[in-house]
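One structure is given below, encoded as structure tokens.
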2 protein chains.
Amino acid sequence: MNEDLPLASGSPTLEDVARVAGVSRATVSRVINGIRNVDPAIQETVRQAISTTGYVPNQAARSLVTRRTGAIALVVSGAGGESEEHPFPGQVFADPFFGRVAGGIVGFLRPRGIHPILMFAETPEARAQVITYLRQGNADGAVLVSTHAEDPLPRLLAGSGLPAVLFARPAKPIPISYVDVAHRAGAKLAADHLVARGCRRVATVSGPLDVPASQDRLAGFRDAMAAHGHPYIPCVEGNFTHDSGEAAMERLLAEHPDVDGVFVANDLMAQGALLVLRHHGRRVPDDIAVVGFDDSSAALACRPPLTTVRHPVEDMAAEMARLLLTHIEQPGHQVTSVIFEPTLVVRQSA
Amino acid sequence: MNEDLPLASGSPTLEDVARVAGVSRATVSRVINGIRNVDPAIQETVRQAISTTGYVPNQAARSLVTRRTGAIALVVSGAGGESEEHPFPGQVFADPFFGRVAGGIVGFLRPRGIHPILMFAETPEARAQVITYLRQGNADGAVLVSTHAEDPLPRLLAGSGLPAVLFARPAKPIPISYVDVAHRAGAKLAADHLVARGCRRVATVSGPLDVPASQDRLAGFRDAMAAHGHPYIPCVEGNFTHDSGEAAMERLLAEHPDVDGVFVANDLMAQGALLVLRHHGRRVPDDIAVVGFDDSSAALACRPPLTTVRHPVEDMAAEMARLLLTHIEQPGHQVTSVIFEPTLVVRQSA
DNA sequence: CTGAAAGCGCTAACAT
DNA sequence: ATGTTAGCGCTTTCAG
């Protein structure tokens with residue numbers, strides 16, 4: 001090994017390492033990429049050379065030939081029209097839900113040396129930019145978390161032929177892979193629990209009814225309650241925000257003052273509902289039991305702590321990443337959906 | 001323009017566009033990169049060729065020669081030791097604060113065609129990976145949001161010579177650029193407001209006292225209260241979480257039952273404090289006034305809505321991105337800090 | 001098991 | 001104003 005050859009200025013390249021180790025570029029490349037058929041002694045020499053030179057591979061050069069970037073896009077998308085209202089994108093990120101998704105994705109991808117590029121797609125321009133960005137080969141594929149039913153991005157993605165996976169089933173059938181939770185089963189868990197604890201006059205606060213998740217939670221809840229002999233379940237529609245939960249609960253109380261149990265379609269709304277109940281002097285769970293959905297950080301911030309249906313977001317996000325990787329590695333892989341089972345987390349609100 | 005030349009398989013390259021347009025690669029490159037000195041007629045021909053071929057530039061090839069990736073790392077970092085506790089990284093993302101940072105960064109960077117790569121650096125390995133990742137040229141620089149005072153990453157980054165900017169002043173002096181808010185001035189705003197509304201027995205809940213932001217908010221509050229003739233201000237330390245806010249308020253009430261005003265060092269803790277006050281039957285703001293810090297989404301979720309010191313997080317994040325870009329473009333640029341002035345947002349809690 | 005050589009697609013001197 | 005030509009640093013046949 002030639003210890004003291006002059007290195008070119010700038011950061012060392014394969015060439016430099018090869019010269020120091022007294023071998024060819026190809027050999028250095030082989031040891032770096034862990035390809036066998038390299039003499040152990042030479043391997044050692046090369047490793048030495050790598051550390052004495054302080055060599056790090058140049059990802060651009062590598063990508064140019066392998067056609068892989070080691071990055072994927074993590075797209076948070078809305079339906080559009082939000083551009084004028086906010087000076088900054090990504091307000092939606094205030095929901096702790098997205099942090100959980102990000103955590104799940106990174107947990108799976110990071111050990112594999114892959115990293116997510118964060119993109120918001122709240123306007124038509126932003127959506128077009130996402131597609132262009134992927135086409136330029138800045139990322140090998142995309143995972144998409146969509147907040148609105150009318151979001152056109154899933155279709156754009158499916159049409160582009162780029163590897164992509166959605167969080168949640170699209171509102172209209174689109175040939176694209178996705179992961180989701182069994183919303184109906186989760187709602188049934190809530191219904192069974194409320195009935196089991198003796199609630200007789202049960203109502204629900206749903207999410208926005210144009211999104212499949214909300215529809216399914218509502219339908220699942222009503223079906224389960226019907227099976228328990230409660231054919232009519234009053235419902236007020238919310239939009240998954242804290243404030244809408246308050247408003248919905250307020251209305252429910254006005255229209256059905258005697259409710260003794262309520263299933264709220266997500267924890268953030270349930271938190272708002274709890275505030276309203278307390279304000280009206282209703283004791284939870286004694287006067288009225290409340291079950292949420294998600295088991296987000298909001299559930300623990302509630303008083304009393306919220307009994308809720310656990311949405312395994314991190315596991316789902318990890319699966320989404322895994323699915324994306326198979327689509328990237330096997331371009332012809334068939335469209336797949338993976339459904340997770342929710343569980344009930346019993347705390348004190350019901 | 002030669003409409004019907006055979007295109008190579010795969011996606012079209014500059015070469016293909018050039019052939020179709022009947023010009024050289026260099027000319028096509030010039031029009032794509034908006035370099036003048038190109039005949040308008042030829043420009044038009046080239047644009048035509050680009051759209052007929054469906055050409056999109058290959059970013060890897062471009063990066064290889066320009067030494068720019070058009071990506072920066074957005075690093076959320078902790079002090080370490082969190083690896084065993086959580087199966088997934090980024091739990092900290094539950095705090096809406098990070099969503100605001102991300103929004104501010106993207107708002108500034110996206111129009112410039114730059115995107116953030118999300119990285120969590122909660123363990124020593126993860127931190128090393130961040131450095132390696134940057135060295136490999138996967139990103140042109142990093143913005144760092146650190147959650148703990150003992151985080152070693154700022155120092156690693158400063159030592160590496162890679163372009164980087166911090167959110168918030170590091171606990172110990174490090175030669176690295178950062179943006180921050182005038183914590184003392186913000187705390188003074190809170191103090192002045194509490195005094196002006198007639199509070200006489202004032203206390204505070206601070207953040208973790210090993211981080212400069214907490215120290216400064218506490219010191220600024222105490223100084224301002226002293227100036228108003230209140231030399232002794234009781235303080236209970238929290239850690240910026242909802243739960244710690246509850247615990248702190250509980251303790252404050254036990255030790256100083258007669259407090260009539262409290263400055264809580266962030267909104268999440270203030271939310272917890274408000275819950276405790278209500279539980280103890282204290283009316284807010286009549287019996288006791290509460291002022292928070294941040295003006296995060298939690299402030300509006302409080303009952304009553306929280307009077308708080310607005311932390312201009314999005315603007316600060318945008319500035320952080322701007323600063324990083326200047327460091328990337330001018331490698332020798334001097335270390336800089338930018339301090340933002342907070343404002344008081346008066347709602348109903350004080 | 002190792003080396004030589006041919007590009008990957010693009011930009012940027014340098015010529016013209 | 002446009003074309004020619006050299007690479008950027010790496011992987012990967014193909015020989016040996």
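Proteins come first, then strands; the chains are lettered A, B, ... in the order of their sequence lines, and each starts at number 1.
For Arg30(A), the side chain to side chain donor-acceptor pair (under 3.5 Å) criterion is met by no residue, not counting sequence neighbours.
Atom CD1 of Ile72(A) is separated from atom CD1 of Ile328(A) by 7.0 Å, given to the nearest 0.5 angstrom. Between the OG1 atom in Thr69(A) and the CD1 atom in Ile117(A) there is a gap of 6.5 Å [rounded to 0.5 Å]. Note: Met119(B) CE to Leu153(B) CG = 9.5 Å, rounded to the nearest 0.5 Å.
Under 4.0 Å is where a charged nitrogen must lie from a carboxylate oxygen, and between Arg67(A) and Glu329(A) no such pair does.
Checked options Ser146(B), Pro170(B), Pro154(B); the residue passing with Tyr178(B) is Pro170(B) (criterion: side-chain contact (heavy atoms from CB on, under 4.5 Å)).
Straight-line distance from the CZ atom of Arg19(B) to the P atom of dG3(D): 15 Å, rounded to whole Å. Here the P atom of nucleotide dG3(D) and the CG atom of Asn37(B) are 14 Å apart, to the nearest Å.
Rounded to 10°, the helix from dC1(C)-dG16(D) to dT16(C)-dA1(D) has 40° between the axis fitted to its first five pairs and the one fitted to its last five.
No side-chain donor from either of Asp16(B) and Thr53(B) sits under 3.5 Å from a side-chain acceptor of the other.
With Thr132(A) contributing its side chain and Ala128(A) its backbone, the two residues share a donor-acceptor pair below 3.5 Å.
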| Summary of protein contacts for nucleotides 6-16 of chain D, nucleotide by nucleotide, where a base hit scores B, a sugar-phosphate-only hit scores S (4.0 Å, heavy atoms) | B-BBBBBB---
